[in-house]
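Residue numbering restarts at 1 for every chain, and letters A, B, ... go by the order of the sequence lines. Not measured: the values here are computed from a predicted model.
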Amino acid sequence: MGVSTSTTVSVRALLFASYAEVVGRGIVTLTLTAPATVRSALQQLRGLPGGLRLPERPLVAVNRAHASLDTPLSANDEIAILPPLSGG
Amino acid sequence: MGVSTSTTVSVRALLFASYAEVVGRGIVTLTLTAPATVRSALQQLRGLPGGLRLPERPLVAVNRAHASLDTPLSANDEIAILPPLSGG
Amino acid sequence: MAYLTSAPLDLGRLVARVTAPARGGIACFLGTVRDHHGGRAVRSLEYSAYEPMAEAECARIVAEASTRWQAEVAVEHRLGHLRIGEAAVAIAAAAPHRDAAFAACRYVIEEIKRRVPIWKRELYADGTEAWVDPTRSAGSPEGRADRTVPHAAPGDAEWGV
Amino acid sequence: MAYLTSAPLDLGRLVARVTAPARGGIACFLGTVRDHHGGRAVRSLEYSAYEPMAEAECARIVAEASTRWQAEVAVEHRLGHLRIGEAAVAIAAAAPHRDAAFAACRYVIEEIKRRVPIWKRELYADGTEAWVDPTRSAGSPEGRADRTVPHAAPGDAEWGV
């Protein structure tokens, strides 16, 4: 509200399978400048050590549902970066 | 061979389910004039009491394989007149 | 291998028969006795068959599916008296991949219905009974004009799923 | 209802859950661990998941199939260590008629593979291991350009079988 461009949004990012190995951890707390999207979260994750091995356009989820890079993020959202699925 | 038109062919005809009920029996031995076909066997079966309730073009089998009205019959063949199938 | 049995069907046993390390997909089908047919309440069913031909025709159908989809197929059809909910037919088709497994399974049930000489007699809740005639319940009062069932040449129809 | 389990799958139990007097057709699928993949000898598999999302996504898929085909659907996906020949996924879909049962079963396995966050790690006979990436084994070295998985709107695609 008002001067919201200067506020920040804290989200929890989950990494799985090969992506967790690439970054060396499965959970990362991110503090993003509002308005935040999955794209801005991913950008920050790719800045972590090893993070450039995450693809530029991975499969992503927000709050346990499939999402896109443009999906907006709110405080305390759970974002997940998903390697290519191989269930079934 | 030779004067084969005067020879006869004896076959066993099987009737199933509703068709056996129509004719009142499940096995009929038929003596047919050669050259015999399923059509000539059926014609004789339809001459039995109740036989006209058999359809003119039923599903038929010869020697345990699907056949047609034109399938030729040899001595001791097993012909079957099959009501509409309802397995599965 | 006998395809007809008067004992209750066991899908797990059929699945075990077709499972193998090289086959990653197993598609199955169970046809069970419904409590209604053509708007009437059904109490139970009685299946009978032209048994030697039914066995031979099942063997042909299984061979066709195996060849066409490189599948291992197990099938059993039950005869005799069946109660509501019991399985009349059980099929398991295993193949390296699921497309082939589904296609083989679907082919087998369709061909069983089309070609295997088995007849179903329905016993209704009102005490009456009747032979089931799918050619009539399909809406044609005199059944199909031509009831010849030619052997399916694998390749004639599309069974992809 | 939990869709994920670390216990061996039991198709018979799933079939029992969907069987009902009004449902005459039950189509099932079992996906089992193959001994080869991409030309390599596989010794065993390890499945892991983003569990809460995988449960939610399975529930959505089952609800979609149930609505679209008036089917009752039971699904389980196994996690953890699996040996060759063991089932990774089991599906049973029951409907009044077989067309719907097959279509629902096929829909569920395709959507599980497309949408449910589960990952497979292969342990090879030569002692090495690797995460399976279907987007690479499909021939694209960098995977698909766009990996967004939109929610399937039932009706978008044809799943008839």
**OP:** Give a yes or no on this: more than 12 heavy atoms of other residues, nucleotides or ligands lie within 6.0 Å of atom CD of A:E56.
**Re:**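 Count not over threshold, so no.
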Subject >> Heavy-atom neighbours of D:D126 CG exceed 12 at 6.0 Å >> reply: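 Count over threshold, so yes.
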Work out which heavy atom in [X] is nearest to a heavy atom in [Y]; give both atom names and the distance.
X: D:I109; Y: A:G88; result: CD1-CA, 4.2 Å
X: D:P117; Y: A:L85; result: CA-CD2, 3.7 Å
X: A:L82; Y: D:M53; result: CD1-CE, 4.2 Å
X: D:Y50; Y: A:A80; result: CE2-CB, 3.4 Å

Subject >> Qualifying residue, where the test is side chain to side chain contact (heavy atoms under 4.5 Å, CB included) with A:S86 and the options are D:K113, D:R121, D:K120 >> reply: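 That would be D:K120; it is the only one of D:K113, D:R121, D:K120 passing the side chain to side chain contact (heavy atoms under 4.5 Å, CB included) with A:S86.
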**OP:** For the pair D:W119 (side chain) and A:P83 (backbone), establish whether a donor and an acceptor sit closer than 3.5 Å, ignoring hydrogens and angles.
**Re:**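 Answer holds: yes.
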Could you state the interatomic distance from [atom1] ([X]) to [atom2] ([Y]), rounded to the nearest 0.5 Å?
X: D:R115; Y: A:L59; atom1: CZ; atom2: CG; result: 11.5 Å
X: D:W131; Y: A:Y19; atom1: CH2; atom2: OH; result: 12.0 Å
X: D:E57; Y: A:H66; atom1: CD; atom2: NE2; result: 4.0 Å

Original post:
Checking D:A90 against chain A: side chain, backbone, both or neither under 4.5 Å from a heavy atom?
Top reply: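 When you check distances to chain A, no heavy atom of D:A90 falls under 4.5 Å.
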Subject >> When A:G26, A:S18, A:A61 are compared by non-hydrogen pairs under 4.5 Å with chain D, the top option >> reply: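 Heavy-atom pairs under 4.5 Å are most numerous for A:S18.
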Original post:
Non-hydrogen atoms of chain D under 4.5 Å away: do they reach the side chain of A:E21, the backbone, both or neither?
Top reply: side chain
